[in-house]
Every structure is written in structure tokens, then in C-alpha cells.
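Keep in mind the model is a prediction, meaning the values are calculated, not measured. Below, chain A is the first sequence line, B the second, and so on; all start at residue 1.
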Amino acid sequence: DVEKPDLTIGVGGKPLLYYLPLTLAERLGYFKDEGLNVEINDFGGGAKSLQALIGGSVDAVTGAYEHTIRMQQKRQDIRAVIDLGRYPGIVVAVRKDEADKIKSIADLKGAKIGVTAPGSSTYILMQYLFAKAGLKPDDASFIGVGSGASSVAAMQKGEIDAISHLDPVISKLESLDAIKILVDTRTTEGTETLFGGMNPAAVLYFKESFIKANPKTVQALTNAFYRTLKWLEKATPEQVAATVPEEYWLGDKALYMKAFEASRQAYSTDGNIDEASMKSALNLITATDPEIEASAIDLSKTFDGSFLSKVKTP
Amino acid sequence: MQTAVQRPPAHIALPDAGPLAVALNDISISFAVPGRPVFKAVAPTSLHVREGEFVSIVGPTGCGKSTLLNATAGLLRPAGGTVTVFGERLEGLNAKAGYLFQQDALMPWKTALDNVAIALEVGGTRREEARAQAKEWLRKVGLARFVDRYPHELSGGQRKRVGLAQVLVRGPKILLMDEPFGPLDAQTRQIMGTLLLNLWAQDRKAVMFVTHDLEEAIALSDRVVIMSAGPEARIIGDFPIDLARPRDTADIRLDPRFHELYRDIWNQLKAEVVKTYGEETP
Amino acid sequence: MQTAVQRPPAHIALPDAGPLAVALNDISISFAVPGRPVFKAVAPTSLHVREGEFVSIVGPTGCGKSTLLNATAGLLRPAGGTVTVFGERLEGLNAKAGYLFQQDALMPWKTALDNVAIALEVGGTRREEARAQAKEWLRKVGLARFVDRYPHELSGGQRKRVGLAQVLVRGPKILLMDEPFGPLDAQTRQIMGTLLLNLWAQDRKAVMFVTHDLEEAIALSDRVVIMSAGPEARIIGDFPIDLARPRDTADIRLDPRFHELYRDIWNQLKAEVVKTYGEETP
Amino acid sequence: MHPVRLLFLQFLVALAVIGIWQIGSTVEIGGDYLLPEFFFSTPVEVGKRVWQMFASGMIWKHLSITLTETVLAFFIGSAGGVVFGFWFARKPVVAAVFDPYVKMANALPRVVLAPIFMLWLGLGIWSKVALGVTLVFFIVFFNVYQGVKEVSPVVLANARMMGMNERQLFRSVYWPSALSWMFSSLHTAVGFALVGAVVGEYLGSAAGLGYLIHQAEGVFDVTGVFAGMFILAAFVLVIDWGVSGIERRLLVWRPQPAADHG
Amino acid sequence: MHPVRLLFLQFLVALAVIGIWQIGSTVEIGGDYLLPEFFFSTPVEVGKRVWQMFASGMIWKHLSITLTETVLAFFIGSAGGVVFGFWFARKPVVAAVFDPYVKMANALPRVVLAPIFMLWLGLGIWSKVALGVTLVFFIVFFNVYQGVKEVSPVVLANARMMGMNERQLFRSVYWPSALSWMFSSLHTAVGFALVGAVVGEYLGSAAGLGYLIHQAEGVFDVTGVFAGMFILAAFVLVIDWGVSGIERRLLVWRPQPAADHG
Ligand SMILES: Nc1ncnc2c1ncn2[C@@H]1O[C@H](COP(=O)(O)OP(=O)(O)OP(=O)(O)O)[C@@H](O)[C@H]1O
Ligand SMILES: Nc1ncnc2c1ncn2[C@@H]1O[C@H](COP(=O)(O)OP(=O)(O)OP(=O)(O)O)[C@@H](O)[C@H]1O
Ligand SMILES: [Mg+2]
Ligand SMILES: [Mg+2]
């Protein structure tokens with residue numbers, strides 16, 4: 001009895017652990033259980049999936065919470081309904097043979113730092129860290145290294161001294177014993193020390209107009225994702241590995257499970273985003289992007305918790 | 001017209017008889033040669049061709065014969081002077097004329113048959129009808145066995161004859177022919193000449209015929225004009241050929257008047273050619 | 001050689017004198033025409049040309065004259081028979097021969113001067129030297145004022161003369177000339193003919209000369225051979241021209257022997273051409 | 001050359017490439033792999049994966065989508081290139097005026113345009129087709145434009161003297177004369193049509209070979225990436241083979257290159 | 001046409017495009033924008049941004065890097081295309097054997113190859129140059145290959161009868177004859193060289209216009225994206241203008257198209 005049983009969801013890099021709940025919900029059949037027929041479109045990046053949402057070619061996106069804030073400044077009303085990842089999941093690490101020289105963010109002055117792409121969340125986090133450490137944005141050179149094997153190549157070839165990246169690249173580099181971690185926002189500890197609280201990452205968001213027109217559909221999706229989060233809370237690495245497609249294993253089941261284990265704290269357990277987390281996220285953006293004024297952003301319009309409060313799971 | 005009736009049998013169009021088919025009035029033609037002064041190929045000169053008149057143009061190599069035909073065809077715009085066709089000033093292409101080019105101009109992607117047939121199809125003739133006529137014309141020029149050859153599979157003389165059929169099949173009122181029989185043997189030349197004359201006699205075409213063979217020019221024409229050596233070539237001689245029609249292109253060469261005309265024209269022509277080589281010959 | 005010494009003045013090479021420059025032994029040439037049986041252009045036929053001999057080849061249009069020259073040049077491999085050049089079996093191109101093609105074969109991206117000069121440069125002549133010689137040759141063919149024109153800026157006859165200079169400047173031992181004087185006026189033809197004869201007389205070249213002008217063939221040659229109408233064309237007549245050398249190409253036409261030869265050759269040729277048109281002419 | 005001999009030589013080349021690849025990726029040379037498996041996989045693995053893809057039948061869906069996109073991009077792009085190429089070549093004023101804009105458009109990175117295509121054409125095959133079209137169009141356009149201008153002036157003059165109107169000139173002169181130019185560009189265009197489709201899928205889609213490759217890349221599944229590329233490339237051969245067939249039929253009139261025994 | 005008139009017409013076209021763009025992005029039509037600002041920005045904004053970029057001088061560094069990459073990709077790719085095009089055209093056996101592999105290579109999505117280039121060539125300009133080269137090469141290759149085969153058989157036979165060896169034939173016959181084919185492909189290639197460089201930067205780099213565009217995209221700064229693309233496109237015109245200049249010089253011998261007064 002949903003308004004729109006056939007749905008398209010956009011995502012920028014479906015196999016990434018960042019978006020694990022989406023794959024799980026699909027594979028566990030939770031969308032079907034809610035009477036939804038979901039098609040997942042994978043995009044070349046988070047930004048592209050957001051553009052697709054605004055352009056109207058997808059109905060919902062699993063993407064960064066940060067987008068909902070940025071879109072306010074662009075006069076686009078985008079709202080998250082459930083949080084999937086409560087920590088950014090970004091790791092800053094230095095190359096092993098530089099580890100004795102670079103021990104803190106401040107030591108990165110003059111270094112070459114790999115990020116997924118200029119302007120992306122890995123880049124913004126570095127800017128934030130730089131600001132906190134009293135460095136200027138151009139005290140280091142930031143190199144977009146992409147998100148696939150090219151980032152591993154860049155590190156292995158010594159093209160970059162440090163990297164700000166996500167899983168599975170970090171896990172892969174760890175397994176190759178190529179890096180030493182400086183900042184780890186996959187864990188509660190790392191995130192707390194950096195932001196003093198949570199900092200929502202992956203969320204499910206819609207256009208406000210869509211939410212208004214299809215409340216039952218939004219509710220059904222929220223239900224499915226909430227159920228997934230609950231499943232994930234208790235799942236063993238084996239169970240997760242067995243649920244996702246075999247291709248996602250990075251060619252090595254053990255490596256995949258290790259990567260999952262490293263990231264598991266980052267997944268939300270209740271799907272909620274509280275006031276403090278929102279502020280923390282806004283803080284991160286305003287600290288790095290002078291064009292966005294904190295006063296102009298109405299945080300209450302970035303997250304709509306009403307669906308989460310009405311969640312029913314079978 | 002009044003003079004024409006007094007003369008022997010049929011089809012004699014003299015310079016002063018009938019309306020003008022082509023009138024080149026004081027035309028001059030120049031070519032821009034990069035990095036050099038403009039090359040004045042043809043100096044202001046005039047040539048009038050009446051309906052039903054067969055005019056041959058002879059002259060030393062490189063004097064401007066092809067250029068003159070190009071101007072008549074409307075492919076080249078004269079720098080000065082005017083071209084009139086049947087009394088109308090020529091703008092753009094000369095739609096009344098058929099032009100047999102000095103160079104190979106067949107479409108390499110069409111067979112001999114299609115090359116001839118297309119000339120009719122362009123005018124709206126149905127395809128089968130056009131092909132039937134084209135076949136007939138290829139037979140007339142001696143190429144019945146070569147209808148489905150592509151141009152590159154034909155010899156030089158065969159290609160020229162396909163071009164001839166291509167022009168004649170349309171039956172244009174004005175024929176511009178630039179050395180049409182050049183690469184043909186003497187015997188075939190005569191056969192083609194007779195073919196052309198018969199056609200011409202049927203419907204009073206105006207013909208401008210460029211050739212290097214003075215005998216041929218005399219045998220076929222009503223008038224032979226001589227161009228001077230270029231640059232700034234002009235028409236410097238105009239000889240009416242008062243031989244009786246119809247003519248047998250082979251027998252006529254035995255006529256004493258033929259030899260007289262030949263000698264007169266030849267003498268003037270020779271003087272002209274020698275001029276070209278004046279300072280240059282070894 | 002022994003017979004040559006007994007004869008009048010200079011440079012008379014008769015069929016049985018001197019070593020063979022070119023020997024076509026029973027060569028036959030076929031063309032594959034898609035969708036048709038193989039076209040047998042030349043039936044097994046032989047032709048021997050001695051060093052210093054000037055042989056003209058005449059025949060009806062499309063009989064296979066160009067094809068024969070192509071085979072001698074090594075551009076076409078005969079289906080049967082052999083080609084020998086100065087006693088050696090020809091494999092690949094004939095490096096001893098210069099070939100003036102029937103079609104335009106100048107490089108359109110080079111000026112007249114460069115087109116001629118390149119022929120020397122290929123052989124290793126220094127650039128300035130090559131250009132100087134090229135200029136001299138262009139002067140000889142009457143094109144001194146056209147040295148820096150591109151081919152498309154020249155008239156048909158001018159292009160042909162550039163081609164002539166291009167071939168002659170290299171001084172090849174064997175000359176293959178396919179209607180070299182076709183698009184030239186009668187007067188220029190004679191001048192070029194004399195030029196060619198002088199050159200030939202200087203260093204005993206072997207010349208194979210295709211022409212449709214029988215008078216020209218007789219005036220220039222030691223021998224005139226006649227090809228039959230194709231397909232399966234053969235050499236069907238071989239006339240030694242026993243006119244004294246050196247010849248004046250203009251005066252010689254007044255010689256009674258000239259007329260005798262002309263008549264003989266013409267009669268055979270005429271019969272041959274008529275054959276081509278046997279079933280076909282209107 | 002005898003076709004069997006040709007096939008044999010082609011096979012040898014493939015063997016050599018695969019041999020180097022296998023050795024480079026599995027045999028350590030000077031303490032290092034020439035082609036580390038992490039980046040290059042190994043031919044045996046790739047072969048196995050291709051086999052699996054076909055055996056499980058999952059590939060067909062993706063392949064058919066990508067192929068549909070490729071073929072559409074190829075046809076629409078070439079048709080557009082031909083039409084505009086002719087139009088510009090015949091209207092020098094139009095050509096002169098639009099010249100800088102065409103060249104600017106040709107230099108736009110298509111990757112950046114993807115969001116706009118998605119906005120206009122949605123997520124279905126058409127946004128991918130559009131991406132392919134923007135590549136194919138320019139390749140064909142520039143060649144057809146030049147091809148038309150290379151028509152022999154004498155043949156053209158002759159045709160005009162026959163009284164051909166613009167349409168007849170097109171059919172009987174410009175078109176056949178520009179054909180070999182066109183086909184030359186079509187051989188390049190086939191590849192680019194596929195590239196466009198795959199890049200389009202790569203940037204946003206739910207199926208297709210580009211989607212598969214993208215998925216594989218995100219999880220370091222190089223074997224999957226190479227398997228996908230191999231299947232792609234093999235299919236291009238099939239399309240190109242079709243193009244060559246048409247080319248041979250349309251260009252029967254050309255002289256065969258002389259049996260070069262020099 | 002008079003150059004001033006031409007410039008005026010070109011200016012009109014630009015004005016029309018910009019006009020439509022401005023109206024589409026700022027005037028609501030039927031409750032909706034034709035060209036929503038979110039995707040298209042507005043010409044005024046873009047113009048301002050371009051001005052800023054030049055005024056602040058920050059663009060020069062990026063521009064010079066991208067331009068270096070483009071020019072290198074263009075030269076290396078075209079040189080490769082010309083050399084291989086000639087080689088294949090002159091050695092039919094080589095051509096026949098490698099034909100399927102060349103076509104397969106042409107169909108590989110370059111975006112996917114980026115990691116391999118990065119592995120081999122590092123993150124500097126060379127990996128971007130390589131990407132550009134893989135685009136330019138094929139475009140030039142196929143055209144040169146066909147161009148060589150289109151040499152007039154009579155001119156070729158004549159040159160061979162002069163005794164030209166392979167090198168001389170190349171210099172005096174094949175090369176000049178294939179030139180117009182080559183230049184036709186070069187006009188396409190200029191654009192593709194730039195696309196290659198930008199896409200390379202887009203996939204991984206520290207500077208360059210592609211980097212700027214990517215950065216702008218990441219923060220949904222469409223104005224920045226369009227400003228970057230505009231600068232790109234403008235610079236292509238400069239390179240292409242250079243190519244056309246060389247073309248005019250090398251092809252002086254061609255007949256000017258007849259003043260078509262028909
Ligand atoms: N496109 C051109 N550019 C410059 N000069 C040209 C051009 N076309 C012809 N000419 C020159 O104009 C003169 C006349 O040329 P045209 O072709 O009319 O001669 P022609 O009388 O037909 O000679 P032929 O008997 O050799 O064919 C020649 O001197 C030629 O060099
Ligand atoms: N490539 C080819 N394919 C098929 N047939 C050909 C080919 N080339 C020539 N022929 C045929 O071979 C015969 C001889 O041709 P060739 O060019 O040698 O004649 P020719 O004696 O030089 O004639 P012309 O005096 O007209 O130049 C002709 O009937 C021609 O149709
Ligand atoms: Mg002429
Ligand atoms: Mg011939």
C-alpha cells in the first residue's frame with residue numbers, strides 16, 4: 001500500500017563499506033518485505049548521485065549527510081530520514097617509511113597528501129584537521145588519487161606521503177603494511193577525540209517534495225534500513241561476508257572481514273541524528289568552506305526524524 | 001537565314017545566319033597565381049556561335065582554349081566582358097550546354113552504363129528507360145561489351161568515349177567539346193566524327209569543338225577560329241569553311257578546296273606557335 | 001652491329017642489329033573483372049626492341065598498347081611469358097626504363113620545377129644541380145615561364161610536357177612513351193618530336209612509342225608495329241621504316257617512300273579497327 | 001595471404017601477449033613482478049572469470065544493454081556527423097560561422113557533461129547513448145566535412161554540367177566520394193561509441209558492462225575489470241566486422257591495389 | 001566573406017547561445033526552469049568566475065599544466081598515429097595480423113586504464129599525457145592508414161618508375177598525399193588530447209584544469225565547472241588555430257575551391 005512501489009536509489013560506489021547497509025538491505029530482502037521494488041543505480045561518486053536526485057532521475061540517495069547542509073545553501077531542500085553511518089569512516093595515514101618523521105597532523109606541512117578527489121569528504125576532513133592544527137590549506141599539496149586501485153598504486157610508488165581515504169583502500173594498505181594510521185574516524189574513540197561526539201556520514205536522503213508526496217514510501221524505506229541496522233548490530237563478520245556478493249570480498253574473504261571489523265563501529269545503531277552531531281557536521285563544513293555561513297543554515301531542515309519515530313519492523 | 005536558303009543541300013549554318021546560341025563579348029579571363037602577378041590568360045576577345053553552327057577552335061598548346069570553354073559553360077566567371085546564351089546573359093552554369101572535358105571526368109564509382117544513364121536520370125528519365133538509352137549510346141561509341149566496367153578498368157580512349165556518350169545522350173542544344181577524339185586512333189576518330197555530325201545535323205546544335213587536328217577541324221566545321229599564343233590570348237583568325245554538306249569526313253580530305261583551306265589556316269597557326277617558342281626552343 | 005656499319009649516315013638500328021634492350025616473349029596479360037570471366041587483354045605475343053631502336057606501337061583504341069608498356073615497365077605482371085631487359089629476366093620494376101604515362105601522373109603537391117627536379121634528386125643529384133637541370137629541361141619543352149606553377153594551374157598540354165621533361169631529364173636507357181604528344185598542337189608535336197629524336201640519337205636509347213598519329217609514328221621510328229583489336233590482342237604487323245636518318249620530321253612527309261609506308265600500314269590498321277566496330281557501329 | 005596463415009599469425013600475437021602477461025604477473029623478476037597481480041590479474045584468472053560470466057549467464061543482460069547503447073550511439077552519432085559534415089561542407093558560410101563553436105564543443109570533457117545528460121535523459125540507456133554520440137559525432141563530422149571538400153573538381157564540374165541539383169549531387173557525387181573518408185572515421189567511431197557507453201554506465205547506472213567494471217574496480221577486483229574489458233573489446237570486433245562488410249560492398253568500384261611485386 | 005562580417009555573425013551565435021542560457025537559467029517558464037541554475041549556473045556568474053580566475057592569477061598554474069599535457073599528448077599521439085598508420089598501410093601483412101588487436105585496443109575505456117597509467121607513470125603529467133595519447137593515437141592512426149591507401153595509383157606508379165626507394169616514396173608521395181587526411185584527424189585530435197588530459201587530471205592529480213573542475217564538482221560549484229570548461233574550450237581554439245596555420249602552409253598546392261557561382 002505504498003504510493004510508489006518502484007523506486008530507484010542512487011549511491012556513489014555501492015561496494016564500498018561506507019554504504020554497506022544498502023547492500024545488506026537489498027540482499028536480505030528487506031525492501032521486498034516492505035513491498036518495495038528497488039533498483040539501485042551506482043554512480044561515479046557521491047556528488048553525481050546527489051545531482052541525479054536533484055535532476056529527478058533517482059528518488060532517494062544513500063549519501064553523505066553533509067550534502068543536506070550544502071544543498072540548503074544552494075536552495076535545494078534535501079532531507080535525511082535515517083542515519084546509516086554515525087562516524088565519517090575516514091582514515092588519515094602516513095606512508096610507513098615516513099612514519100618516524102610524520103607523527104602528527106602538524107608534521108604534514110609540505111607533504112603530498114592523497115585524497116579521493118579534490119572537494120570530496122576526505123579532502124574536507126584534511127582541511128578541517130589542518131585548520132585545527134594551525135596549518136593553512138596550501139601548506140601541503142592535495143592530490144586526487146581516485147578511489148580504486150590507483151590510490152594503492154600512488155602509495156606504493158611513493159607518489160604521496162600521506163593519505164586521507166576510506167575503506168577498503170585503507171584496509172588494503174594496512175594489509176600490505178604500507179601505512180601507519182594518524183587519525184581514524186571509523187572508531188568511536190577516534191571520532192570522539194576529533195569531533196567530541198558523533199559526526200554523521202552516510203544517510204538516506206530525499207527531496208523534501210518527495211517526502212511530502214510519498215510519506216508511506218519513505219516510511220517503508222526507513223523501516224527497511226532500520227531493520228538492516230539492527231541486523232548489522234548483531235551480525236558476525238562471517239554473516240556479513242556471506243550476505244554481500246562474493247565479488248565484494250576484495251579477492252580475499254579474510255581481508256574483507258578484517259576491513260568490516262575495523263569499520264563496524266561506524267555504522268549507526270539507531271538511525272538517529274541528534275542536535276550535537278548536526279552541529280559537529282556543520283562545524284566541519286563551515287571550518288573549511290568560507291562560502292557557507294553557519295547562521296544561514298537551518299539544521300532542523302536537514303534531518304526529518306518523524307519517520308524514524310514511527311518505525312515498525314516485522 | 002536568307003543566305004542559308006540559297007546554298008547547296010541542307011544544314012549549312014553560316015556565321016551570319018540564324019540566332020546566336022553563344023556570344024562571348026569582349027571577355028577576358030585571369031587566374032590568380034599565389035605570389036605572382038595575376039596571370040591574364042585570355043585578353044578581351046569575342047566569339048559568336050549561331051544556332052546550328054559548328055565552330056572549331058584551334059591554337060597553340062596552353063593558349064586558353066579550355067579556359068574559353070569553361071567560361072562558356074559558366075564554370076569560370078570572366079574577369080571582364082559578358083557571356084550570353086540564346087540572348088540571355090549567363091549567370092551561373094550554362095544549363096543549355098553539354099561539356100566533354102579535356103580531363104577524365106567520369107564518376108569512378110559508377111560503371112560505364114551508370115555513368116551515361118545518370119546523365120538522363122538527372123533530367124527525370126525513368127531508370128530503366130535511361131539505362132536502355134545509355135546502352136544504345138555505348139553501343140554507338142563502340143563499347144557494347146564494356147557497359148559494366150568501372151572507369152579504372154577501361155583504356156584511355158574507352159573512357160573518353162564513355163564521356164562522349166554521357167554528353168551526347170542528353171541531347172544538349174550547345175555542345176562544348178575539348179579534344180574529344182584526342183586519345184582515339186585515326187579510324188575511330190572518323191567514325192566518331194561522323195556520329196557527331198549526324199547528330200548535329202538532326203537538331204541544329206551549336207558546337208564549340210577544340211582540337212589539335214586541323215584536318216579534323218576543317219572536315220567537321222562551319223568555321224575554324226584560331227587563338228593566339230597566350231598569355232593574353234585572343235582570337236586572331238576566323239575561317240569560314242565553305243565545303244558542301246553533308247560531308248563524308250574521309251573523302252572530303254581529297255577535295256582541293258580542303259587543301260587550300262588547310263594551307264591558309266596552317267600558315268597562320270604555325271606563325272602563332274612559333275611565337276610561343278620564340279625565345280624558348282632549343 | 002655488323003649490319004649497322006654498312007648503312008648510310010648515323011644511328012640506324014635495325015631489328016636485327018645490336019643487343020636486345022627489351023624482349024617480350026609470348027607474354028599474355030589478363031585482368032580480373034569482378035563478376036565476369038577473366039578479361040584476356042593481350043594474347044601470347046612477342047616484341048623485341050634492340051638497343052638504340054625506336055619502335056612505335058599503333059593499334060585501335062583499347063587494344064592493349066598501354067597494357068604492353070605497363071608490362072615492360074614491370075608495373076603489371078604478365079599472366080604468361082617473360083619480359084627480359086638487357087638480357088636479364090625482369091623481376092619487379094624496370095629500373096632502366098623511363099615511362100611517360102598516358103594519364104596525368106605529376107605530383108599535384110609539387111611545382112612543375114620540383115616535379116622535374118625530383119626525378120634527378122631521387123638518383124642522388126644535389127638539389128641545386130637538379131633544379132638547374134630541371135629548369136633547362138622545362139625551357140626545352142617550352143615552359144620556361146611556368147616553372148613555379150602547380151599542375152592544376154597548367155593546361156593539359158603543358159602538364160604533358162612537364163611529364164615529358166620529368167622522364168627525359170633522367171636519361172633512361174629505355175623510354176616508354178604512351179601518347180606523349182596527344183594533347184599538343186601539330187606544330188608543338190613536331191618540335192617535341194625533333195627534341196626526342198635528337199636525344200635518342202645521342203645515346204642509343206631504346207624507345208617504345210605509342211601513338212595514334214601514324215604519320216608521326218613513321219616519321220620518328222625505325223619500326224612500326226600494329227596491334228590487333230582486343231580482346232586477345234596480338235602484334236599483327238611489323239613494318240621496318242627504311243627512311244634515311246637523320247630525318248627532318250616535317251620534310252620527311254614529302255618523301256614518296258613515306259607515303260608508300262603510310263598506305264601499307266594504314267590499310268592493315270584500318271581493317272583492324274573496322275573489326276572492333278564490326279557488330280557495333282551504327 | 002592465406003586466411004589460415006593469417007589466423008595462425010594473429011593467434012601467435014595473442015599468444016605472445018598472453019605469455020608476457022602471464023609471466024609478468026606470476027614470475028618474480030629481480031625481486032619484483034613486472035605486472036603485479038594486484039593491478040593486472042593474470043590471464044588465467046581473467047579467462048576463468050570470462051568463462052564464469054558466460055557460464056552463469058549473468059553477462060547476457062549487461063552485455064545486451066551495453067551493446068544496445070553502443071549501437072545506438074554509433075548510428076545516431078554517425079548519422080549526425082554525416083549530416084552536419086555534409087551541410088557544413090556545402091555551406092561555407094555556416095561552416096565559417098560555427099567553426100570555433102564546433103571545435104570548442106569537441107574539447108569539452110564528456111565526463112563532466114554526464115550529470116546534464118542524466119538530467120535531460122534520465123538514468124536509462126539514453127544518457128549513455130548521448131555520451132557515446134558526443135564522441136562519435138565529432139570523429140565522423142570532421143572526416144565527412146573534409147571528405148566532401150576533397151571531391152575531384154573535374155568530376156564535380158561534370159556532374160554540375162549535367163544539371164544535377166543539390167540532392168542529386170549529394171547522392172551521386174559527394175556521398176560516394178566521401179565514403180572512404182566516412183568509413184575511415186567509422187572504424188575509429190565504433191570503438192568510441194563503446195567507450196562512451198561504458199563511461200556513461202561507469203558514471204551512473206544499474207546495469208551494463210560499465211557498471212560491472214565499476215563494481216569490480218571499487219573492490220580491487222582487477223580480474224573482473226579485465227574480464228569486462230576483454231568482453232567489451234571482443235564485441236567491438238563483431239561490430240567493426242559488420243562495418244567492414246558494408247564498406248566492402250559500397251566501395252566495390254575502387255581499384256584493387258596493384259599486386260605490388262616491386 | 002569579409003572577416004568583419006564573419007566575426008559579427010560568430011558573435012551573434014555566441015550572443016544567441018548566451019541569451020538562451022541566461023533566460024533558461026533565470027526565467028521561470030511554465031513553473032520550471034529550462035536550464036536549472038543548479039546544473040547550468042548562469043552565464044553572468046560563469047563570466048564573473050572566469051574573470052576572477054584570471055584576475056587572481058591562480059588559473060595560470062593550472063592552465064599551463066593542462067596545456068603542457070595537451071600539447072604533449074597531441075604531439076606524441078599524432079606522431080605515433082602517423083608512424084603506425086604509415087607502417088601498417090605499407091605492410092599489409094602487419095596490418096592484417098594486428099588489425100583485430102588495434103581495434104580492440106581502441107575500444108578499451110580509457111577511464112579504466114587510469115590506474116595502470118598511474119602505476120607506470122606516476123601522478124605527474126605523464127600519466128595524463130598517456131591518457132590523451134591513447135585517444136589521439138587511434139584517431140590519427142585510422143585516418144593516416146586510410147590516407148596512405150588512397151594515394152593516386154598513377155602518381156605512385158610514376159614515382160616508383162623514377163626509382164624512388166621506400167624513404168623517398170614516403171617523403172614525396174605518401175606523406176603529401178596523406179596530409180589532408182592527417183589534418184582532418186588532427187582537428188578532432190586536438191579536442192581529444194585536451195579531453196584526455198582533463199580526464200586524467202580528473203581521475204587523479206594535484207593541479208590542472210581537470211583538478212579544478214573536479215574540485216568544483218565535489219562541492220556542487222557548477223559555476224566553477226562551467227568556468228573551467230569554458231577556459232578549456234577557449235584554449236583548444238588557440239591550439240587548433242596553430243594546426244590550421246600549419247595546414248594552410250603545407251597544403252598551398254591544393255586548388256582553391258572554384259568560386260561557386262552556380
Ligand atoms: N587554375 C589556373 N591557374 C593559373 N593559370 C592557369 C589555370 N588554369 C589555366 N591556366 C593557364 O591559362 C592558360 C590557358 O590554359 P588552358 O587550359 O585554357 O589552355 P588550352 O588552350 O586548353 O591548352 P591545351 O591545348 O594544352 O589544353 C595556360 O597558360 C595555363 O597555364
Ligand atoms: N584494370 C583493368 N581491368 C579490366 N580491364 C582492363 C583494365 N585495364 C585495361 N583493361 C582492358 O584492357 C584492354 C586494353 O587496355 P589498354 O589501356 O592497354 O588499351 P590501349 O591500347 O592503351 O587503349 P587506348 O588507346 O584507348 O589508350 C581494354 O579493353 C581495357 O578495357
Ligand atoms: Mg585544354
Ligand atoms: Mg592507352
Side-chain angles (χ1 to χ4, degrees), chain D residues 1 6 9-10 13-14 39-40 92-93 96-98 100-101 103-112 115-116 119 138-139 142-143 145-147 149-150 153 157 160 180-181 183-185 187-188 190-192 194-195 198-199 202 210 213 217 225 229 232-234 236-237 240 255 257-258 262, chain E residues 1 6 9-10 13-14 36 39-40 93 96-98 100-101 103-112 115-116 119 138-139 142-143 145-147 149-150 153 157 160 180-181 183-185 187-188 190-192 194-195 198-199 202 210 213 217 225 229 232-234 236-237 240 255 257-258 262:
Chain D
M1 198 165 31
L6 178 62
L9 285 176
Q10 289 179 339
V13 172
F39 293 103
F40 293 93
V93 176
V97 172
F98 284 96
Y101 303 108
K103 281 171 181 160
M104 283 172 94
N106 179 39
L108 294 182
R110 319 301 195 270
V111 177
V112 181
I116 293 176
L119 173 71
F138 291 100
I139 296 174
F142 283 108
N143 255 29
Y145 178 63
Q146 190 61 32
K149 297 207 296 184
E150 296 277 313
R160 290 176 61 210
S180 63
W181 285 81
F183 276 108
S184 167
S185 68
H187 288 296
T188 331
V190 170
F192 277 88
L194 194 82
V195 169
V198 168
V199 170
Y202 192 88
I213 292 178
E217 257 206 328
V225 173
M229 294 216 288
L232 275 186
V236 152
L237 285 190
D240 190 82
Chain E
M1 198 166 31
L6 178 63
L9 285 176
Q10 289 179 341
V13 172
F39 288 99
F40 293 93
V93 176
V97 171
F98 285 95
Y101 302 109
K103 281 170 182 159
M104 282 172 92
N106 179 39
L108 294 183
R110 317 303 195 272
V111 176
V112 180
I116 293 177
L119 177 71
F138 289 100
I139 296 175
F142 283 108
N143 255 30
Y145 178 63
Q146 190 62 32
K149 298 210 294 186
E150 298 275 315
R160 288 177 60 210
S180 63
W181 284 82
F183 277 108
S184 166
S185 68
H187 288 296
T188 332
V190 169
F192 277 88
L194 194 82
V195 169
V198 169
V199 170
Y202 194 88
I213 292 178
E217 257 204 329
V225 173
M229 294 216 290
L232 274 187
V236 151
L237 286 190
D240 191 83

Do [X] and [Y] touch side chain to side chain, with heavy atoms closer than 4.5 Å?
{"X": "D:V97", "Y": "E:V13", "result": "yes"}
{"X": "D:Y145", "Y": "E:H187", "result": "no"}
{"X": "E:F98", "Y": "D:L9", "result": "no"}

Could you tell me which non-hydrogen atom of [X] sits nearest to which non-hydrogen atom of [Y], and how far apart they are?
{"X": "D:A107", "Y": "E:L232", "result": "O-CD1, 4.3 Å"}
{"X": "E:A233", "Y": "D:L108", "result": "CB-CD2, 4.3 Å"}
{"X": "E:K103", "Y": "D:V236", "result": "O-CG1, 3.7 Å"}
{"X": "E:Q10", "Y": "D:A96", "result": "NE2-O, 2.9 Å"}

| query | With sequence neighbours left out, what residues match E:Q146 under side chain to side chain donor-acceptor pair (under 3.5 Å)? | reply |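 E:Q146: side chain to side chain donor-acceptor pair (under 3.5 Å) contacts with E:E150.
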| message | Applying side chain to side chain donor-acceptor pair (under 3.5 Å), can you list everything that pairs with E:S184, at least two apart in sequence or on another chain? | response |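 For E:S184 the side chain to side chain donor-acceptor pair (under 3.5 Å) partners, ignoring immediate neighbours, are D:N143.
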| field | side-chain contact (heavy atoms from CB on, under 4.5 Å) assessment of D:M104 paired with E:L237 | value | CA-CA 7 Å; D:M104 283 172 94; E:L237 286 190; 3.8 Å; yes
With a 4.5 angstrom heavy-atom cut-off, which part of [X] approaches chain E: side chain, backbone, both or neither?
{"X": "D:A105", "answer": "neither"}
{"X": "D:F142", "answer": "both"}
{"X": "D:I116", "answer": "side chain"}

| field | Best-contacting candidate, E:S180, E:P36, E:P153, against chain D by heavy atom pairs under 4.5 angstrom | value |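 Sorted descending by pairs with chain D, the first entry is E:S180.
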| Region of E:I213 in contact with chain D, defined by heavy-atom distances below 4.5 Å |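 Answer is side chain: those atoms of E:I213 sit under 4.5 Å from chain D.
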| field | Contacting region of E:L194 [heavy-atom separation from chain D under 4.5 Å] | value |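 It is the side chain, since no backbone atom gets that close.
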| What is the distance from atom OG1 of E:T188 to atom CG of D:N106, rounded to the nearest 0.5 Å? |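 CG of D:N106 is found 6.5 Å from OG1 of E:T188.
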| Top contributor to chain E contacts, counting heavy-atom pairs under 4.5 Å, from D:S185, D:G191, D:G147 |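 Among the listed options, the one with the most contacts to chain E is D:G191.
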| query | Among D:F183, D:W181, D:Y202, D:F138, which has the most heavy-atom pairs under 4.5 Å with chain E? | reply |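 Of the candidates given, the most pairs with chain E belong to D:W181.
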| Should the ring pair E:F192 and D:F192 be called parallel, tilted or perpendicular, given that the plane angle runs from 0 to 90° and is split at 30 and 60? |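 Plane angle over 60°, so perpendicular.
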